There are 4 protein chains.
Amino acid sequence: MADTSRRRRANGEASRAKILDAATEIASERGYEGTSINLVSKRCGLPASSIYWHFADKDDLIAAVIERSFGQWLSAWSMPDDGTPRDRVAEMTVQVAKALLESPDFLRLGLMLALERRPVEPRAREMYLQVRAQAQIQLREAAMDMSPDLDAAALDQLATYAMAGADGLFIAKEIGGDSVDLLALFDLHGRMVIDAALRLAESTRDEDS
Amino acid sequence: MADTSRRRRANGEASRAKILDAATEIASERGYEGTSINLVSKRCGLPASSIYWHFADKDDLIAAVIERSFGQWLSAWSMPDDGTPRDRVAEMTVQVAKALLESPDFLRLGLMLALERRPVEPRAREMYLQVRAQAQIQLREAAMDMSPDLDAAALDQLATYAMAGADGLFIAKEIGGDSVDLLALFDLHGRMVIDAALRLAESTRDEDS
Amino acid sequence: MADTSRRRRANGEASRAKILDAATEIASERGYEGTSINLVSKRCGLPASSIYWHFADKDDLIAAVIERSFGQWLSAWSMPDDGTPRDRVAEMTVQVAKALLESPDFLRLGLMLALERRPVEPRAREMYLQVRAQAQIQLREAAMDMSPDLDAAALDQLATYAMAGADGLFIAKEIGGDSVDLLALFDLHGRMVIDAALRLAESTRDEDS
Amino acid sequence: MADTSRRRRANGEASRAKILDAATEIASERGYEGTSINLVSKRCGLPASSIYWHFADKDDLIAAVIERSFGQWLSAWSMPDDGTPRDRVAEMTVQVAKALLESPDFLRLGLMLALERRPVEPRAREMYLQVRAQAQIQLREAAMDMSPDLDAAALDQLATYAMAGADGLFIAKEIGGDSVDLLALFDLHGRMVIDAALRLAESTRDEDS
DNA sequence: AATGAATGAGGATTCATTCAT
DNA sequence: AATGAATGAATCCTCATTCAT
């Protein structure tokens with residue numbers, strides 16, 4: 001009896017989660033426009049009108065998808081803080097690669113949203129871009145940690161290049177499927193980024209002298 | 001009178017072009033689902049039914065968009081065939097970067113299509129993936145040209161990495177806008193790919209010995 | 001504790017009043033169909049389900065609005081019982097005009113309900129029409145008081161004309177806003193009604209002779 | 001064959017008219033909110049989506065209802081231009097009364113729209129109010145024609161009073177049905193308005209002396 | 001006395017597509 | 001070569017109402 005009442009009370013949250021699960025699946029497969037409320041309703045078992053009890057509108061729903069997925073994604077990797085800078089970059093690279101493999105939904109939907117340029121920008125796109133910007137800052141800090149001599153522009157370039165590689169490899173994996181060895185490619189990318197840091201540091205020194 | 005009839009004939013192609021222009025704009029802004037025939041009709045000034053005179057259905061229209069955009073994209077760059085391998089890679093890198101800057105519609109739409117995973121896959125997606133696969137083969141050949149010692153797996157990896165960088169940098173430019181110096185990043189990427197080729201060649205030799 | 005429980009008890013009435021306030025506002029702005037429970041819920045701050053605790057259904061709610069508004073409206077004026085018949089008519093006219101100015105909600109909603117002709121007639125419409133019918137009887141009695149010689153048909157006509165003027169002037173005020181001097185127009189109307197009574201009395205005598 | 005093709009070509013207009021007929025009926029019975037596109041669709045036999053070929057949206061549809069009804073209404077009466085002013089007023093009064101009896105839809109819907117006070121005012125309301133304003137101007141001119149001595153304020157008052165009477169009597173007829181002799185009441189109203197003109201002229205003269 | 005959650009029916013509107021001309 | 005008109009299915013979302021707590 002106590003359980004029943006607890007379950008009843010908790011149903012709100014449970015339903016919300018069921019809706020978000022369904023919406024995440026569908027949105028990461030078909031993008032913003034392709035995610036119809038009806039489809040979500042069928043997938044989660046609740047009537048469409050119930051979705052509107054939990055979310056103001058479709059925009060709100062998909063923004064919530066990004067928000068929740070972001071939390072899960074964040075918890076999947078963390079900046080290591082011991083070892084040489086190189087070791088730490090290598091470790092981080094592996095973590096990011098694994099995170100990409102484990103929860104591709106977030107990135108796939110995010111990239112689709114990011115590529116769109118519709119007149120009224122969905123709130124979800126804005127949220128995803130903010131998340132990306134934060135990640136970029138972390139990458140820049142890691143770059144600074146590794147090559148403290150680099151100037152601001154070089155750090156930006158490095159961080160952008162590092163993230164671009166991650167995005168591109170993710171897409172390669174999405175398209176190529178099992179024929180793509182994401183871990184090996186990320187390993188290569190990690191080493192390339194370290195090389196790039198050295199190269200940029202060199203050219204910085206050259207300019208100074 | 002003769003002029004009029006000639007113009008009438010010519011209008012067929014002109015209308016087709018107007019429709020494709022509108023559809024390209026919209027599809028590269030909003031993806032496959034977001035491109036409604038009605039919207040295209042409004043943007044190109046022709047009634048929706050006229051679109052169906054020129055194209056069998058929506059799928060056919062968007063496939064035609066990819067087809068035409070691909071032609072334009074192809075004509076924007078060509079594989080150089082003189083100089084050292086390094087020079088040729090560098091030259092090609094610049095050309096690709098410039099082509100991305102000049103006609104981003106093709107890649108933007110292509111990537112959106114590639115990321116989507118809907119049950120009935122649009123013909124346009126299939127077309128884009130084929131184009132991509134061809135490009136990958138060319139990249140592999142360029143890599144073999146540059147480092148003839150590499151084994152098949154290494155060549156694949158290199159071509160995949162080169163293309164991933166291009167995709168990722170394109171996305172960075174799309175999101176970052178003017179704050180991203182695409183040419184400089186592509187230049188960096190070109191050099192990184194050459195380095196990677198050397199590195200992979202080294203490790204191949206190490207394994208052999 | 002005693003206070004709390006008392007306040008809890010009192011909240012019942014207070015909530016009911018808050019709901020009725022919101023419903024009155026909305027219904028007099030948008031009519032029967034335009035008054036959605038959700039809108040009322042948002043305006044009064046109570047959840048929709050709470051509205052159903054106080055009222056059986058939407059029909060019941062709007063009927064209650066009419067009922068309460070009618071009470072307020074009634075208390076805003078009373079039939080004077082001294083002076084000459086003319087003075088009493090004049091006094092009543094002013095009172096009605098003032099009541100219209102002070103609480104236009106009742107009449108606005110009432111007239112909207114009266115004009116509608118939907119298959120299932122709302123209870124509120126029925127209530128409003130009854131109130132109107134009673135008012136008409138009172139007007140007829142006032143007319144009889146003033147011109148005792150008039151026959152039944154003339155009395156009906158006079159009462160109808162008097163009320164029609166009031167309705168029409170109310171509408172003029174609603175549409176014209178500040179540019180309409182309702183008191184002056186009601187004053188004119190009052191005098192016209194008295195004239196009409198005399199005129200009808202004359203023609204009655206003419207027919208008799 | 002010629003007939004068929006003509007009819008086919010004319011179908012657009014015919015469908016538009018069928019839709020407007022149905023919408024007029026429903027809107028004048030149930031007001032703006034009560035007029036659902038689905039109901040109109042059922043009444044006119046065309047699918048709901050066809051209504052959107054002819055009208056941009058519901059607002060546009062109901063505005064078109066007012067526009068068309070207004071044309072029909074206008075053609076139902078015209079200002080007479082011979083006889084004494086009194087005769088002309090009397091004649092006009094009869095015409096207005098008959099027009100009210102013949103096409104009550106326009107006025108009923110118009111009054112419902114006029115009474116509403118919703119945040120975003122329907123275009124149809126705006127149109128009805130413009131029509132009303134024009135009618136008021138005509139009434140004012142008739143008043144000036146009859147009592148040239150009246151000052152501007154008195155003319156406004158007179159025109160407002162005349163129109164208020166018409167509105168009020170229309171409502172009385174709507175509510176009272178057959179028990180209300182609209183022609184007799186309008187006749188009374190016409191005479192009252194003439195009396196009022198004299199009265200106002202008198203008081204104007206008094207003030208002057 | 002109140003409310004969070006749910007729900008089926010219906011709201012307006014857009015969809016891709018067809019067809020007669 | 002083109003288009004006005006039509007159409008059924010689907011879109012997002014709101015409706016009045018219920019019910020367990």
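Note that the structure is a prediction, hence the values are computed from the model and not measured.
Nucleotide dT14(E) holds its P atom 15 Å from the NZ atom of K58(A), rounded to whole Å. Atom CG of D57(A) is separated from atom C1' of dC13(F) by 9 Å (rounded to the nearest Å). Straight-line distance from the CD1 atom of I26(D) to the P atom of dA12(E): 10 Å, rounded to whole Å. Rounded to a whole Å, the CG atom of N38(D) is 16 Å from the P atom of dC15(F). With rounding to whole Å, R123(B) atom CZ is found 16 Å from dA16(E) atom C1'. Whole-Å rounding puts the I37(B) CD1 to dA16(E) P distance at 6 Å. The CD1-P distance, from I51(C) to dG4(E), rounds to 13 Å in whole Å. As a whole-Å value, the separation of F55(A) CZ from dA5(E) P is 12 Å.
S36(B) comes within 4.0 angstrom of the backbone, heavy atoms only, and of no base. Nucleic acid contact for T35(A): sugar-phosphate only, since backbone atoms but no base atoms lie under 4.0 Å from a heavy atom of the residue.
Here the nucleotide nearest the side chain of Y52(B), chosen from dT17(F), dA2(E), dA16(E), is dA16(E). Here the nucleotide nearest the side chain of S50(B), chosen from dA6(E), dA2(F), dA16(E), is dA2(F). Of the candidate nucleotides dA6(E), dA5(F), dT3(E), dT3(E) has the atom lying nearest to any side-chain atom of W53(C). Comparing dC12(F), dA2(E), dG4(E) against the side chain of N11(C) picks out dA2(E) as the nearest.
For dA2(F), the OP1/OP2 oxygens have a side-chain nitrogen or oxygen of S15(B) closer than 4.0 Å. At the phosphate of dA6(E), OP1 or OP2 sits under 4.0 Å from a side-chain N or O atom of H54(A).
Nearer to the 5' terminus of DNA chain E, by closest-nucleotide assignment, is the contact made by P47(A) (compared with the other of E33(D) and P47(A)). Residues L39(A) and R16(B) each lie close to DNA chain F; by heavy-atom proximity, the contact nearer the 5' end of the strand is made by R16(B). Comparing Y32(A) and I19(D), the nucleotide of DNA chain F nearest to each residue sits closer to the 5' end for I19(D).
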Any chance you could lay out the side chain to side chain contact (heavy atoms under 4.5 Å, CB included) test for L61(A) and I37(A), step after step, and finish with the verdict?
-> CA-CA 9 Å; L61(A) 169 61; I37(A) 296 291; 4.2 Å; yes
May I have the step-by-step check of side chain to side chain contact (heavy atoms under 4.5 Å, CB included) for Y128(D) and L109(D), ending in yes or no?
-> CA-CA 9 Å; Y128(D) 172 72; L109(D) 174 54; over 6 Å; no
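Looking at R123(A), M127(A), E121(A) one by one, the single match for side-chain contact (heavy atoms from CB on, under 4.5 Å) with R125(A) turns out to be E121(A).
With hydrogens and angles disregarded, a donor-acceptor distance shorter than 3.5 Å links the side chain of T24(D) to the backbone of L20(D).
In this structure, the separation between CE on M112(A) and OG on S28(A) is 6.0 Å, given to the nearest 0.5 Å.
The nucleotide dA6(F) finds its pairing partner in dT17(E), both defining distances of the Watson-Crick or G-U wobble pair being shorter than 3.5 Å.
For R68(C) and D21(C), the salt-bridge test passes: some basic side-chain N is under 4.0 Å from an acidic carboxylate O.
The base of dG8(E) is paired with the side chain of S49(A) by a donor and an acceptor separated by under 3.5 Å.
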